[in-house]
Structure formats: C-alpha cells, structure tokens
Amino acid sequence: MLDPKRIRNEANILAEKLRLKKFDLDIEKLAILDGQRKALQLETEALQNERNSKSKLIGKAKAAGEDVSEILAGMESIKKDLESKKEKLDELQNALNDYLQGVPNIPDDDVPAGDDESANKIVDTWGSPAQFEFEIKDHSELGEALDLGLDFATATKLTGARFVVMQGHIARLHRALIQFMLDIHTNEHGYRELNVPYIVNAESLYGTSQLPKFGEDLFKLEHEQDFYLIPTAEVPVTNIVRDEILEAENLPLKYTAHTPCFRSEAGSYGKDTKGMIRQHQFEKVEIVQIVKPSESGAALEELTKHAEVILQRLELPYRKVVLCGGDLGFGSAKTYDLEVWLPSQGTYREISSCSCFTDFQARRMQARWRNPDTGKPELVHTLNGSGLAVGRTLVAILENFQREDGSVQIPAALKPYMNGVEILN
RNA sequence: GGAGGGGUGGCAGAGCGGUUGAAUGCACUGGUCUUGAAAACCAGCGAGGGUGAAAGUCCUCCGAGAGUUCGAAUCUCUCCUCCUCCGCCA
C-alpha cells in the first residue's frame, strides 16, 4: 500500500509514475472520498471528545455526591449522532482503504517504460548455450525416458493435471538441488535458514499483497479459519516482521527457506501445459531481506547476485533482465528476472524473480525499525527473490546437460550431493 | 477431543465500572555528582491516526470482534491464542 498522505499531497506526481505500470489513479474519486472523510472524521472525533469529557464530569459529580441528571440529559442525542456518524465514517474509510489496497507500488525511477515483457531490458548475459550435434529432446521426453525419472501419468492419476511424480535419481537430483542452494545461501551469502509453515492465514497474505487482489491464484483450505496453502515462501518468511519494531543493529535480516509452493494457475490454461514448467505444486528456495530504506537499492543488486551465483555454479547459461513498468508485479518497485536457457524452446525462461518492494509490503504489515536518528519507528523495506525455483532448475539441467543417448550429465557442483551418481541414464 | 487457568507498554507485573494510556520494578535515554566508570539522585520514555506552518491539540488502541453502559482494561457473548492435566496421535 502507498502512503495515504503522499497520495493526498502528490496525487499528480504519483499518477504519472503509476501510468508506467498501466494503472490509472483516480485522483478525482480519491479527492472526493478524502474530502468527505476529513469532514466526517472531524465531526466524529469532536463528538467523541464531548462524550468523553461529559462522562468524566459525571464520574466526578457522582464521586462528590452531586446530581448528574443535568449532564446526563444531552447524552442520548450525542450517542445517537455519534453512532450514525461513526457508521458512515467506517464505510468511507473502508471505501478509501479498498481503493488504496488496489493501487500498485510506484516503480523505481530507473525502471524502463513499456507495456509488456517485450520491453524488458537485458542487463547481462552469462554463459553461452551449448551447441548440440544431435537432435535435442525437451525435459519431459528426457525425464520420462529415464528408467527412474519423471512420471506425469501417475501424478495425473493421483491428483490431476499439472503435477508430477519424480522417481529414483531424478528425485535425488531434485533434493540435491535444494541442499546445494541452501548451503550456498547459508554458508556463503549470510542467510539464516528457516523452516516455516506451508499454511498461512489471510492476514499474512494481505501483508505481502497476495490478497485481496490475487485470491484466485491461491488454494484455500476448507477450515473454520481462513487458511491458505502458500504460493511462495515469501509469505510466511516476510510476515515474520509483521507488526514488529526492529532495532537498527539487527538489520538487515536475511532469511532463506525451502518450501513447496502451491498455485492454482487460474487463467493460464493454455500455457506450458506440458512438463514441469508450470505446476500446481513446485518447490523453491527463497531468499528474503528486510533492510533499512536507504539500503534497499544495493540490497536488490546483492540479492539478485546471490541467485545468479547458483546458476553460475550449475554452469547454466542465463540472462538478467530488468522488468519494464508494464510487466512489473503489483507490489514491486523494481524486479530483475533471471532467465535460464532452455535448448528445447530455443529461448530463455524465467527461473528467478528478484524484487524490491520498498515500503509497500511493510506498510501493509506495519513492519518497522527504530531509526536512531529520529528515535521513531519507520517502515522497513522488503525484498525477495527465488534462489532458485527448484523444478525449473531441474528442467534446465536435464535439457542443457543432455547427451545424444538421452542420458544426462550431472553438473560438477552437485557431485557432493549425488552419492556418486554422475550420469542419469 | 475433554477439564481447568491465563492473554495489560521492550520485559516483569498491578489494576477488575468513573479525573487510568494505564501503578510499581527492570531495561532504555538525558541530566546532576565523579579524573573516568559504577552507585545514588532528578527528569524523560508505547503505538496508530486526524488536524495544524509549528508548538500543540484531539481521536483510537490493555489478544480479536460484537454487546451492555452517560462512561469498559475492568461486565456479557463469540472467536483466536498460550499454559497445566487427561485422551488420541507422526
């Protein structure tokens, strides 16, 4: 959520910036609503004040044994008046709040303009795609051909479309990737490893802004309480700081967690129907940082680098792109996508998305730090990125390290995790 | 699942219908004292919001929500959550 004060004071500037994100800020509607709010709030609070001071008078008078009927006389009308005003005020504030909840974050100044992904800018390219002397296969062909490999048919029986069963060496490779990623982030990049709930409440989803706008992407549980399966570890991990005031010396907080992610993938029916690219359940190693506002720009660069290291160690060719305004996520001020080379598609596909949310999530969560310069609680900045999406990393390895006979070489960096297995066949 | 007891400021812990946003202690910040530190003493010290140029001022918040009342941290109801005991269980 944006700062309501800022919207009040700089509506035109913000509207201009939000146009980059293809969002049309309704300044007029906001001005009207806020004008009504202001008037009504003043009246309501004046009435509350009157009620409070008269009630205190009654208390005093009673203690002194005096007659209170005179003071009591006007109270009934104040009460009624207050009740109706309060109700209207609540309605107004809800309407304002609903609107503000739907306003996306302001893009950073260096975010390129553009309507869709075609306007994203390539920042960096690492490695070069291998040249194959034979006809290449895609990951599902490769995986299904393996004796102990990918088994989509069984998963369909067990559950339905967009799930997979991994067997034997592939399952091990999947597990090895998780260990490998977590080890690097904890040992080399300074993140604390967390194990978190895979089910969260609605409040947490509001905090990181999956709700109220993106509820259709979530799996909701049938339960007395509003419980949801997490769509990403970002939700439980970032919400750790919800309603907290952090001490400056404890910042930055750097967390990593491996979790499954559950997405209903509503509205993506035609896309990536084959294979493991888009599943209802996949696993991810997430990295999250909670930082002082002045440090969030540098933190995004660092965090993205941390995700890149994984790709480099795995010898997977990739490129780094900065998302243009139109492609930027709802809460993000700036996002780098890391895209890995997929030989079967002859293109780069997203394998990590690293974003800085500035104070957007922090305001929703009331996640603050005590600024020693002011002594006051101020909002933190939050960042997160995939480091990396495990299923897609597995796909990339299968495809990039495939050999003519359909076997797959394991990248050297994973050898310590594979119990001697060097080739999948 | 059953039975009982709790949830108050950074922490501990009073308050159980009226001048209580909340005693007291610890912690923290500033000051006095001291060569310096400690101790002692004095003062300050929750969060969110409105309004205002500012000083200030007003409103809201004692797990959450609803209710009773002129007035609720205090009374009633529902929910959440924690602890102890019993049962079941990976």
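In what follows, every chain begins at residue 1, and chains take the letters A, B, ... in the order their sequences are listed.
Nearest-nucleotide positions on RNA chain B place A/Gln41 closer to the 5' end than the other of A/Gln41 and A/Gln225.
Taking the charged nitrogens against the carboxylate oxygens, A/Glu83 and A/Lys79 have no contact shorter than 4.0 Å, which rules out a salt bridge. Ion pairing of A/Lys86 with A/Asp90 is present here, as a side-chain N (NZ or NE/NH1/NH2) and a carboxylate O approach within less than 4.0 Å. Taking a cutoff of 4.0 Å between a charged side-chain nitrogen and a carboxylate oxygen, A/Asp337 and A/Lys320 do not qualify as a salt bridge. Remark: A/Lys17 engages A/Asp109 in a salt bridge, criterion side-chain N to carboxylate O under 4.0 Å. Using a 4.0 Å cut-off between a side-chain N of Lys or Arg and a carboxylate O of Asp or Glu, A/Arg368 and A/Glu378 do not qualify as a salt bridge. Salt-bridge formation is not detected for the pair A/Glu234/A/Lys284: no Lys NZ or Arg NE/NH1/NH2 atom is positioned less than 4.0 Å from an Asp or Glu carboxylate oxygen. A salt bridge is absent between A/Asp115 and A/Lys22: the closest approach of a Lys/Arg side-chain nitrogen to an acidic carboxylate oxygen does not fall below 4.0 angstrom. Under 4.0 Å is where a charged nitrogen must lie from a carboxylate oxygen, and between A/Lys334 and A/Asp108 no such pair does.
Taking atom P on both B/C45 and B/G21, the two are 16 Å apart, rounded to the nearest angstrom. Atom P of B/G87 sits at a distance of 39 Å from the matching atom of B/C16, rounded to the whole Å. Taking the C1' atom of each, B/U74 and B/G18 are spaced 11 Å apart, rounded to whole Å. Look at the C1' atom in both B/U24 and B/G15: the space between them is 11 Å, to the nearest Å. Rounded to whole Å, the separation between the C1' atoms of B/G65 and B/C70 comes to 24 Å. Comparing the same atom, P, in B/A38 and in B/A27 gives a spacing of 12 Å after rounding to whole Å. Nucleotides B/G9 and B/A14 place their C1' atoms 13 Å apart, quoted to the nearest Å. Only the C1' atoms considered, B/U20 is 9 Å distant from B/A73, to the nearest whole Å.
For residues 72-85 of chain A, proximity to RNA chain B is found at A/Leu72, A/Met75, A/Lys79, defined as any non-hydrogen atom under 4.0 angstrom from a strand atom. Within residues 366-377 of chain A, the residues having any heavy atom under 4.0 Å from RNA chain B are, by residue number, A/Gln366, A/Arg368, A/Arg370, A/Pro377.
Of the candidate nucleotides B/G21, B/C59, B/G50, B/C59 has the atom lying nearest to any side-chain atom of A/Asn49. Residue A/Ile245 has its side chain nearest to B/A47 when only B/C70, B/G50, B/A47 are considered. Nearest nucleotide to the A/Ser55 side chain, out of B/U51, B/C70, B/C59: B/C70.
Put simply, A/Arg51 has no side-chain N or O that comes within less than 4.0 Å of OP1 or OP2 on B/U69. A close approach under 4.0 Å does occur between a side-chain nitrogen or oxygen of A/Asn52 and OP1 or OP2 of B/C59.
Using cut-offs of 30° and 60° for the angle between ring planes, the A/His189 and A/His185 rings count as tilted.
Note: CG (A/Leu379) to C1' (B/G48) measures 11 Å, nearest angstrom. The separation between A/Asp226 atom CG and B/C79 atom P is 16 Å, rounded to whole Å. Put simply, CD on A/Glu45 is 15 Å from P on B/U57, counting in whole angstrom units. One interatomic measurement links the two molecules: CG of A/Leu57 to P of B/U69, which rounds to 21 Å at whole-angstrom precision. Computed from coordinates, the A/Gln48 CD to B/C70 P distance equals 17 Å when rounded to whole Å. Distance A/Glu224 CD to B/U78 P: 16 Å, rounded to the nearest Å. Rounded to an integer number of Å, the gap from CG of A/Leu246 to P of B/G10 is 13 Å. When rounded to the nearest whole Å, the span between CD of A/Glu43 and C1' of B/G49 equals 18 Å.
Judged by atom type and distance alone, A/Lys56 does not reach the base of B/G18 through any side-chain donor-acceptor pair under 3.5 Å.
Note on A/Arg8: only backbone sugar-phosphate atoms sit closer than 4.0 angstrom, heavy atoms only; bases stay farther off. Among the protein residues, A/Lys38 comes within range of the sugar-phosphate backbone only, with heavy atoms under 4.0 Å from sugar or phosphate atoms but none that close to a base. If you check every strand for non-hydrogen atoms under 4.0 Å, A/Lys60 touches a base.
In this structure the side chain of A/Arg162 reaches within 4.5 angstrom of the side chain of A/Thr273, judged on heavy atoms. The closest side-chain heavy-atom distance from A/Glu283 to A/Thr259 is not below 4.5 Å. Residues A/Glu188 and A/Arg313 form a side-chain contact, since some pair of their non-hydrogen atoms from C-beta on lies under 4.5 Å apart. Two residues are said to be in side-chain contact when any heavy atoms from C-beta on lie closer than 4.5 Å; A/Lys292 and A/Pro252 fail this criterion.
Counting all heavy atoms, side chain and backbone alike, A/Asp26 lies closest to A/Tyr99 at N-OH, 2.8 Å.
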* Structure fact -> With both pairing distances under 3.5 angstrom for Watson-Crick or G-U wobble, and | for a partner in another strand, the correct string for RNA chain B is ((((((((.[[[..)..(.....]]].(((((.......))))).((((((....)))))).[[[[[..)....]]]]])))))))....
